[in-house]
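Everything below concerns the one structure shown next.
Whatever order the structure lists them in is the order used to number ligands and atoms, beginning at 1.
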Amino acid sequence: MTVNLLDLDLENLAVFCDQLGEKRFRAVQLFRWIHQRGCANFADMSDLAKSLRDKLAGVAFVKGLNVVSQHISADGTIKWLFDVGAGNAIETVFIPEDDRGTLCISSQAGCAMACRFCSTGHQGFSRNLTSGEIVAQLWFAEHFLRRHLHRDERVISNVVMMGMGEPLQNYSALIPALRTMLDDHAYGLSRRRVTVSTSGVVPKILQLAQDCPVALAVSLHAPNDALRDKLVPLNLKYSLDALLGACTRYLAHAPRDFITFEYCMLDGVNDQDAHALELVQLMHSRAKAGLRCKFNLIPFNPFPASGLQRSPLQRIEKFAKILAEGGITTTVRKTRGDDIDAACGQLAGDVVDRTRVAVRIARHRATDLGAATPARPHPIPLAH
Ligand code: SAH
Ligand code: SF4
């Protein structure tokens with residue numbers, strides 16, 4: 001059986017090379033060719049011995065995802081839709097800012113968590129992505145951007161696991177992918193700049209603290225169990241008390257000294273003064289146990305099936321003010337890429353309508369868009 005080397009972090013690649021009778025430094029070389037140089041073709045890896053290149057060609061390959069579409073927003077945000085087979089597609093979003101470039105990555109096709117306000121949740125769960133499919137989003141985007149911006153150095157400085165899916169429900173694929181993102185021989189991202197966002201899979205939060213501590217964002221959305229049960233059904237399994245306890249324990253290992261709480265602002269549902277005051281109280285009681293946090297208020301991105309509305313801006317500002325007066329550092333998330341549906345919670349692509357995606361995928365195949373390997377430039381220019 002042949003192996004897609006995008007699936008392997010450096011440790012696993014070293015084991016793979018060892019089985020081929022190759023020393024560890026060969027694995028490092030290979031890893032650098034793939035991730036730092038975006039090379040998918042063993043024949044092009046000029047400083048690897050010809051014998052090794054031949055050996056690799058028989059047992060391994062490097063294969064990214066197929067691009068279905070690419071949309072560029074007026075604000076520079078780019079959204080890619082990738083085909084992951086069987087009529088499923090996932091989305092990846094690049095968000096450029098003055099001092100950083102952030103890539104928002106998907107971890108699953110669909111999601112089983114069924115949060116009330118999330119269009120990925122409404123779509124249901126299709127399957128877990130492999131490690132290679134998670135890494136391939138970064139591999140493709142980084143090398144695409146370098147090529148199109150004519151940059152030799154790194155373009156993507158931050159990764160947030162805030163695309164489609166619940167990353168901690170795909171734990172075994174997530175960990176090697178995170179390790180590759182952090183590896184100095186690959187993308188060399190700082191642990192503080194790689195963020196796992198979770199709806200609250202308590203046991204996995206604790207495991208992540210041991211296996212690969214990175215920045216943690218927790219989707220809170222409510223100040224009490226009664227409301228959170230309705231918005232985030234996972235709360236029925238792991239209560240706020242258990243979740244906040246896990247967050248406190250995570251901090252002992254985390255690269256940052258706070259947890260980010262995401263809070264989606266839903267008109268008339270969770271955005272009243274009383275909710276903000278309850279949050280302040282809750283966080284005060286938890287601060288005594290050592291929980292430090294920041295709040296990120298996300299204006300809800302509406303979609304018809306939700307039956308929900310975005311809180312008015314004034315309401316969001318008042319809510320933020322109450323939290324800030326209660327001593328909680330609070331930011332309101334700017335919505336980016338609105339014109340291309342790239343904002344948080346809109347990342348369902350057209351997957352809801354699977355037939356349409358299948359047709360679009362077929363059409364692109366027919367026009368030979370090709371595999372999204374960085375070596376094959378996408379025909380759509382970055383400037384617009
Ligand atoms: N499953 C993970 C990560 C993906 S969702 C999680 O739930 O944390 C990333 C963020 O987008 C989460 O905070 C989620 O609550 C938020 N989100 C989902 N749907 C949204 C919507 N329609 N509008 C605004 N934010 C949304
Ligand atoms: Fe899944 Fe996150 Fe959406 Fe909830 S908010 S359904 S956990 S992707």
Side-chain angles (χ1 to χ4, degrees), residues 90-93 95 102-129 134 137 159-171 173-174 177-178 194-202 204-205 208 214-222 227-238 243 246-247 250 259-267 269-271 293-311 316 331-338 341-349 351-352:
I90 55 149
E91 293 187 338
T92 307
V93 178
I95 307 146
T102 302
L103 194 69
C104 179
I105 289 184
S106 295
S107 55
Q108 299 180 312
C111 183
M113 300 292 101
C115 299
R116 264 291 270 120
F117 48 84
C118 174
S119 71
T120 307
H122 275 246
Q123 167 194 316
F125 177 68
S126 292
R127 72 166 172 87
N128 277 329
L129 299 186
I134 297 172
Q137 297 169 65
V159 164
V160 292
M161 298 298 306
M162 294 183 187
M164 297 167 70
E166 168 49 57
L168 295 186
Q169 291 286 75
N170 186 13
Y171 192 81
L174 176 71
L178 291 178
V194 174
T195 301
V196 168
S197 176
T198 179
S199 54
V201 190
V202 165
K204 298 296 178 192
I205 290 176
L208 185 69
V214 291
L216 186 67
V218 171
S219 296
L220 205 63
H221 309 309
L227 183 54
R228 195 164 191 271
D229 284 349
K230 290 194 194 127
L231 297 175
V232 184
L234 187 64
N235 198 69
L236 294 161
K237 191 162 181 192
Y238 304 113
L243 177 57
C247 290
Y250 191 84
I259 303 286
T260 302
F261 288 121
E262 296 160 282
Y263 197 100
C264 182
M265 297 296 289
L266 303 164
D267 189 22
V269 175
N270 64 353
D271 65 346
C293 66
K294 291 187 180 176
F295 267 73
N296 192 209
L297 306 182
I298 314 174
F300 171 58
N301 287 301
F303 58 100
S306 71
L308 299 163
Q309 301 296 323
R310 176 185 293 188
S311 307
I316 299 177
T331 49
V332 178
R333 185 173 296 170
K334 277 187 290 178
T335 54
R336 298 286 305 262
D338 258 356
D341 284 353
C344 259
Q346 294 184 330
L347 303 186
V351 188
V352 190

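- The nearest non-hydrogen atom to atom 3 (Fe) of ligand 2, considering only Cys118, Ser106, Ala114, comes from Cys118.
- Taking a 4.0 Å cut-off on heavy atoms, Gly163 registers as neighbouring ligand 1.
- Both the backbone and the side chain of Cys115 come within contact range of ligand 2, each with a heavy atom under 4.0 Å.
- Between Cys111 and the choices Gln169, Glu166, Met164, Gln123, the side chain to side chain contact (heavy atoms under 4.5 Å, CB included) rule is met once, by Glu166.
- Close contacts of ligand 2 with Ser199, meaning ligand atoms under 4.0 Å from a residue heavy atom, involve 7 (S).
- Of all the atoms in ligand 2, the ones that sit under 4.0 Å from a non-hydrogen atom of Glu166 are 7 (S).
- Residue contacts with ligand 1 for Glu262 involve side-chain atoms from C-beta outward but no N, CA, C or O (heavy atoms, distance under 4.0 Å).
- Taking 4.0 Å as the cut-off, Gly165 counts as a neighbour of ligand 1 on heavy-atom distance.
- With a heavy-atom cut-off of 4.0 Å, Thr198 touches ligand 1 through its backbone alone.
- Ring centers of His122 and Phe303: under 6.0 Å apart, within the cut-off.
- The distance criterion of under 3.5 Å between nitrogen or oxygen atoms is not met by Met161 with respect to ligand 1.
- Geometrically, ligand 1 and Met162 share no nitrogen or oxygen pair separated by less than 3.5 Å.
- Within the listing of ligand 2, atoms 1 (Fe), 6 (S), 7 (S), 8 (S) sit less than 4.0 angstrom from a heavy atom of Cys111.
- Looking only at side-chain heavy atoms (C-beta outward), Leu103 and Ile95 stay at 4.5 Å or farther from each other.
- Residue Gly165 places a heavy atom under 4.0 Å from ligand 2.
- Each of Leu266, Asp271, Asp267 was compared with Val269 under the side chain to side chain contact (heavy atoms under 4.5 Å, CB included) criterion, and only Leu266 meets it.
- At a heavy-atom cutoff of 4.0 Å, ligand 1 is contacted by the side chain of His221 but not by its backbone.
- With distances taken over non-hydrogen atoms, the option nearest atom 12 (C) of ligand 1 out of Ser106, Pro299, Ser119, Ser219 is Ser219.
- Near Gly121, the atoms of ligand 2 lying under 4.0 angstrom from a non-hydrogen atom of the residue are 6 (S).
- When only interatomic distances are considered, the shortest N/O to N/O separation between Asn301 and ligand 1 falls below 3.5 Å.
- With a 4.0 Å heavy-atom cut-off, ligand 1 is reached by the side chain of Cys264 but not by its N, CA, C or O.
- Ring to ring, Phe300 and Phe117 are not that close: their centroids are 6.0 angstrom or more apart.
- The closest approach between any non-hydrogen atom of Arg310 and ligand 1 is not below 4.0 Å.
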